[in-house]
Amino acid sequence: MNEPLVTVLIPAYNREQYVGQAIESIQQQTLQDFVCIVIDDGSTDHTRDIVETYCKLDRRIQCLALPENRGLGQALQMGLDAVRTRYFTILDSDDWYAPQTLETCLTAIEAAATDVSLVCGNAVIWKEQPNGQLVQQGQQLGRAFDNQYDFILYGPTLVPRFLRTSTVREVGGFERDPITDGRMVEDRLLLLKLIHISRFIYVNDNLYNIRVHADNMTKPETRDKFIEVKRYIFKRMLKEWGDEYEPEFYIHPEGWLDIKALIPKR
């Protein structure tokens, strides 16, 4: 093996049913030189036992076990502290990568200028049926962005999030918001900080698989809190970017808060 350039972070909390597939999707990558760190965020099921079984069989897989549940943002920050590679990427523990994901993203960012901090692509969305069967539900298309204001108007979460480690550290990594202490929307806050000082590039390829199931973190009963955190983050970032625009918010038909338009203040 060559010296790895990429670390995959997989934050997991009570994901015994899914974490194995996430790890195996990394093991099946066309790029075999990687580090994979699974951050067990104080799981109370068998998640940690399952992860440690993979660790024993594959030295590229590591388990970072937290003594108690600290939430996604803090778990990812602890994972970031352990990253020693030039790039890292984040895989949700109930999702999985296409086989070419790491190689495609690495090739793209290595060919780009150093002001590029993120590579994203498209996702295939799978709906989990009560019997566990997965049915393809659609596709989520990523895209390129002209500037930070173009990005703040974009609703979906970018996937995959293949990131330049040094730039993420430059903007302070994963921050703990005052509302949920970093448990929600931590990825959007990071990307909004990154797009202010760097560029994102888009690869038109299906690189990510999203699993929709009953226990998704973005389930209906958590939407009010997500809306509150997103409203705080959007207002804060617009103010930090020069306070030139007032956001016109709207609630997406699925119940999420997005920005419909930016109204100039002057």
Side-chain angles (χ1 to χ4, degrees), residues 71-74 76-77 80 87-90 105 108-109 111-123 140-204 208 217-218 222-266:
L72 192 51
Q74 292 188 51
L76 282 170
Q77 183 59 41
L80 175 62
Y87 310 106
F88 76 97
T89 182
I90 304 164
C105 292
I109 202 167
T114 56
D115 68 333
V116 170
S117 65
L118 176 143
V119 180
C120 66
N122 305 327
Q140 176 181 298
L141 295 176
R143 67 175 178 87
F145 301 95
D146 295 331
N147 53 45
Q148 59 204 23
Y149 298 108
D150 186 22
F151 176 63
I152 204 170
L153 292 169
Y154 177 79
T157 299
L158 294 182
V159 290
R161 297 179 292 283
F162 190 99
L163 297 149
R164 188 181 299 274
T165 308
S166 60
T167 316
V168 172
R169 288 180 171 145
E170 182 181 344
V171 299
F174 297 92
E175 201 174 319
R176 296 161 63 173
D177 69 86
I179 299 169
T180 69
D181 203 29
R183 289 182 175 270
M184 294 180 176
V185 204
E186 81 299 324
D187 53 348
R188 181 57 60 98
L189 177 55
L190 173 64
L191 299 192
L192 286 167
K193 292 191 296 183
L194 286 173
I195 196 71
H196 182 56
I197 68 164
S198 62
R199 293 187 299 119
F200 299 169
I201 56 177
Y202 163 66
V203 177
N204 187 13
Y208 197 95
M217 188 175 172
T218 52
T222 63
R223 285 179 183 170
D224 287 348
K225 189 61 68 174
F226 266 91
I227 287 172
E228 183 182 0
V229 178
K230 285 184 78 174
R231 190 184 301 272
Y232 158 77
I233 287 172
F234 287 147
K235 287 188 171 183
R236 171 191 152 183
M237 295 312 300
L238 286 170
K239 188 173 184 63
E240 289 184 9
W241 292 349
D243 203 20
E244 298 178 11
Y245 296 96
E246 186 69 34
E248 180 183 342
F249 291 113
Y250 80 104
I251 302 296
H252 189 273
E254 294 182 0
W256 308 113
L257 179 80
D258 285 314
I259 297 178
K260 181 178 182 180
L262 295 173
I263 311 302
K265 288 189 172 183
R266 301 177 182 87

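Starting from 1, each residue takes its place in the sequence as its number.
Considering only heavy atoms from C-beta on, L80 stays 4.5 Å or farther from L76 through its side chain. Side-chain contact check for T89 versus Y87: every heavy-atom pair is 4.5 Å or farther apart. Looking at Y232 and V185, their side chains never come closer than 4.5 Å, going by heavy atoms from C-beta outward. Contact check for I197 versus V171: side-chain heavy atoms found under the 4.5 Å cut-off. With a 4.5 Å cut-off on side-chain heavy atoms, Y245 and K265 do not count as touching. Side-chain contact between D146 and F151: absent, with no pair of heavy atoms (C-beta onward) separated by less than 4.5 Å. Counting heavy atoms from C-beta on, the side chains of T167 and V116 never come closer than 4.5 Å. Counting heavy atoms from C-beta outward, F249 and I259 have side chains that approach closer than 4.5 Å.
Applying the side chain to side chain contact (heavy atoms under 4.5 Å, CB included) criterion to Q140, with sequence neighbours excluded, gives A123, I125, P156, V159, I210. K260 meets the salt bridge (charged side-chain N to carboxylate O under 4.0 Å, His left out) test with no other residue; sequence neighbours excluded. Partners of R169 according to the side-chain hydrogen bond (donor to acceptor under 3.5 Å, both in side chains) rule, which considers only residues two or more places apart in sequence or in another chain, do not exist here. For C105, the side chain to side chain contact (heavy atoms under 4.5 Å, CB included) partners at least two apart in sequence or on another chain are T101, V119, P160, F162, L207. Contacts of E240 classified as side-chain hydrogen bond (donor to acceptor under 3.5 Å, both in side chains), with partners at least two apart in sequence or in another chain: R236. The side chain to side chain contact (heavy atoms under 4.5 Å, CB included) search around A261 returns E248, I263, not counting sequence neighbours.
For D150 and R143, the salt-bridge test passes: some basic side-chain N is under 4.0 Å from an acidic carboxylate O.
How far CD1 of I195 is from CG of L118: 8.0 Å, rounded to the nearest 0.5 Å. Atom CD1 of I90 sits about 11.0 Å away from atom OG1 of T157, to the nearest 0.5 Å. Taken to the nearest 0.5 Å, the CG atom of L72 stands 12.5 Å off from the CG atom of D181. Atom-to-atom distance recorded for L257:CG and D224:CG is 11.0 Å, nearest 0.5 angstrom.
When every heavy atom of R199 is checked against every heavy atom of A113, the shortest pair comes out as NH2-CB, 3.9 Å. For the residue pair R164 and T114, the shortest heavy atom distance occurs at NE-O, 3.5 Å. Of all the heavy atoms in I227 and G255, the pair that sits closest is CD1-O, 3.5 Å. Nearest heavy atoms, M184 versus V229: O-CG1, 3.8 Å. The nearest pair of heavy atoms linking V168 to F88 is CG2-CE2, 3.8 Å.
R176 places no side-chain N or O within donor-acceptor distance of the main-chain N or O of Q74, the cut-off being under 3.5 Å. Under a 3.5 Å cut-off, the side chain of D115 and the backbone N or O of S198 do not form any donor-acceptor pair. Using modelled atom types, no side-chain atom of E186 and backbone atom of F174 make a donor-acceptor pair closer than 3.5 Å. A side-chain donor-acceptor contact under 3.5 Å links K193 to the backbone of G173.
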Derivation of the side chain to side chain contact (heavy atoms under 4.5 Å, CB included) call for L191 and R161: CA-CA 9 Å; L191 299 192; R161 297 179 292 283; 4.2 Å; yes
Evaluate the criterion salt bridge (Lys or Arg N to Asp or Glu O under 4.0 Å) for residue pair E228 and R231; output intermediate values, then yes/no. CA-CA 5 Å; E228 183 182 0; R231 190 184 301 272; over 6 Å; no
May I have the step-by-step check of side chain to side chain contact (heavy atoms under 4.5 Å, CB included) for S117 and F200, ending in yes or no? CA-CA 6 Å; S117 65; F200 299 169; 3.5 Å; yes
Using side chain to side chain contact (heavy atoms under 4.5 Å, CB included), reason through L262 and I152 one step at a time and then give a plain yes or no. CA-CA 9 Å; L262 295 173; I152 204 170; 4.0 Å; yes
Checking side chain to side chain contact (heavy atoms under 4.5 Å, CB included) for the pair W256/I251: CA distance, chi angles, key distance, verdict? CA-CA 5 Å; W256 308 113; I251 302 296; over 6 Å; no
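Classification of the W241-H196 ring pair by plane angle, with boundaries at 30° and 60°, yields parallel.
No side-chain N or O of Y154 forms a donor-acceptor pair with one of D258 less than 3.5 Å apart.
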